[in-house]
Amino acid sequence: MAVRTILPFGEPILRKKCKPVTEVNGRILSLLDDLKETLYAEEGRAGLAAPQIGILRQAVVMDCGDGYREFMNPELLQAEGEQDGMEACLSFPGYYGRVKRYDYIQVRSLDRSGETFTLEAEGYLARCIQHEMDHLDGVLFVDRVVDDFIIHEATHQRVSLLDALRITNRNVQRM
């Protein structure tokens, strides 16, 4: 297991659609283990998707406060209701914004044994799952922000969404 570098917004791989996991093998299990290690490397992290560490596979890990979970090839089966709340992203550190999501979802996925399972989730867990599933399609939370601004975590100041994207892209290009 290894702690991997989380790619920042602006990295092209974050905008690509991930390939499904076709076989649960040692490589995929190592990926899940690395995702878990990276997720828990710092306190307060809720979820992490494979493209955030540079791997274009449909694999997600999360712990939204109710225990560790793994998903491979997650598929949204049902969605109802609406919730409106603040979200942040490990690939867009230091900012958060208001996003609308379904309040209830039902998801089918594979576990690390390659077995299919179905999970019903609502509230915060549903939000987390939807956020991470978006990563697998190259969609980031800033694409779903309903306001024309995001909030800088340290200063609590509103920052134009467009300005924040420009600043982040400029920082990524210097790396």
Side-chain angles (χ1 to χ4, degrees), residues 1-11 13-15 18 29-72 74 76 82-105 107 109 111-112 119-147 149-161 163-165 167-169 171-172 175:
M1 292 181 10
V3 174
R4 302 283 200 94
T5 300
I6 297 173
L7 300 177
F9 180 83
E11 290 290 337
I13 199 166
L14 294 174
R15 292 299 193 178
C18 292
L29 295 176
S30 289
L31 170 61
L32 290 171
D33 291 342
D34 287 355
L35 285 167
K36 180 179 182 181
E37 187 81 10
T38 305
L39 177 71
Y40 286 131
E42 290 185 29
E43 201 165 318
R45 293 178 172 174
L48 186 64
Q52 291 180 276
I53 63 167
I55 308 294
L56 286 174
R57 285 286 178 251
Q58 291 184 15
V60 166
V61 300
M62 65 180 56
D63 185 341
C64 298
D66 59 348
Y68 176 74
R69 301 173 192 270
E70 296 174 333
F71 300 84
M72 290 180 289
L76 189 63
E82 184 179 283
Q83 59 173 301
D84 184 323
M86 293 299 187
E87 285 188 26
C89 181
L90 297 175
S91 291
F92 207 98
Y95 295 92
Y96 61 92
R98 191 168 61 95
V99 176
K100 290 185 180 182
R101 300 274 185 192
Y102 293 113
D103 191 47
Y104 164 85
I105 61 170
V107 179
S109 186
D111 65 17
R112 74 170 26 237
L119 175 71
E120 293 183 45
E122 59 186 356
Y124 184 61
L125 179 57
R127 175 179 291 281
C128 290
I129 293 169
Q130 291 169 81
H131 178 108
E132 298 307 327
M133 284 179 66
D134 273 353
H135 276 295
L136 304 180
D137 290 325
V139 176
L140 301 174
F141 95 102
V142 291
D143 300 326
R144 298 201 185 275
V145 168
V146 296
D147 302 310
F149 62 87
I150 55 177
I151 300 169
H152 188 261
E153 189 175 30
T155 64
H156 304 289
Q157 291 182 333
R158 292 180 179 185
V159 177
S160 158
L161 185 57
D163 288 345
L165 295 176
I167 290 167
T168 305
N169 285 331
N171 288 341
V172 169
M175 292 180 165

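Residue numbers start at 1 and run along the sequence shown. Please read these numbers as outputs of a predicted model, since none were measured by experiment.
Every side chain to side chain donor-acceptor pair (under 3.5 Å) that D147 has, sequence neighbours left out, goes to R98. With sequence neighbours left out, Q52 forms a side chain to side chain donor-acceptor pair (under 3.5 Å) with S91. Every residue two or more places apart in sequence or in another chain was checked for a side chain to side chain donor-acceptor pair (under 3.5 Å) with Y124, and none qualifies. For the side-chain contact (heavy atoms from CB on, under 4.5 Å) test, residues two or more places apart in sequence or in another chain that qualify with Q83 are R101, D103, A126, R127. Listed by chain and number, the residues in a side-chain contact (heavy atoms from CB on, under 4.5 Å) with T155 are H152, Q157 (sequence neighbours excluded). Under the rule for a side chain to side chain donor-acceptor pair (under 3.5 Å), the partners of E120 that lie at least two apart in sequence or sit in another chain are Y104. Residues forming a salt bridge (charged side-chain N to carboxylate O under 4.0 Å, His left out) with D33 (at least two apart in sequence, or on another chain): R112. For V139, the side-chain contact (heavy atoms from CB on, under 4.5 Å) partners two or more places apart in sequence, or in a different chain, are D134, D137, D143, R144. When the side-chain contact (heavy atoms from CB on, under 4.5 Å) test is applied to L119, the partners found at least two apart in sequence or on another chain are R69, F71, F117, I129.
Side-chain atoms of Q130 come within 3.5 Å of backbone N or O of Y102 as a donor-acceptor pair.
Between M72 and L32 the shortest side-chain heavy-atom distance falls below 4.5 Å.
Sorted by first and then second residue, the salt bridge (charged side-chain N to carboxylate O under 4.0 Å, His left out) pairs with a member in residues 51-61 form an empty list; sequence neighbours excluded. Applying the salt bridge (charged side-chain N to carboxylate O under 4.0 Å, His left out) test to pairs two or more places apart or on separate chains, those with a residue in residues 41-50 are E42-R45.
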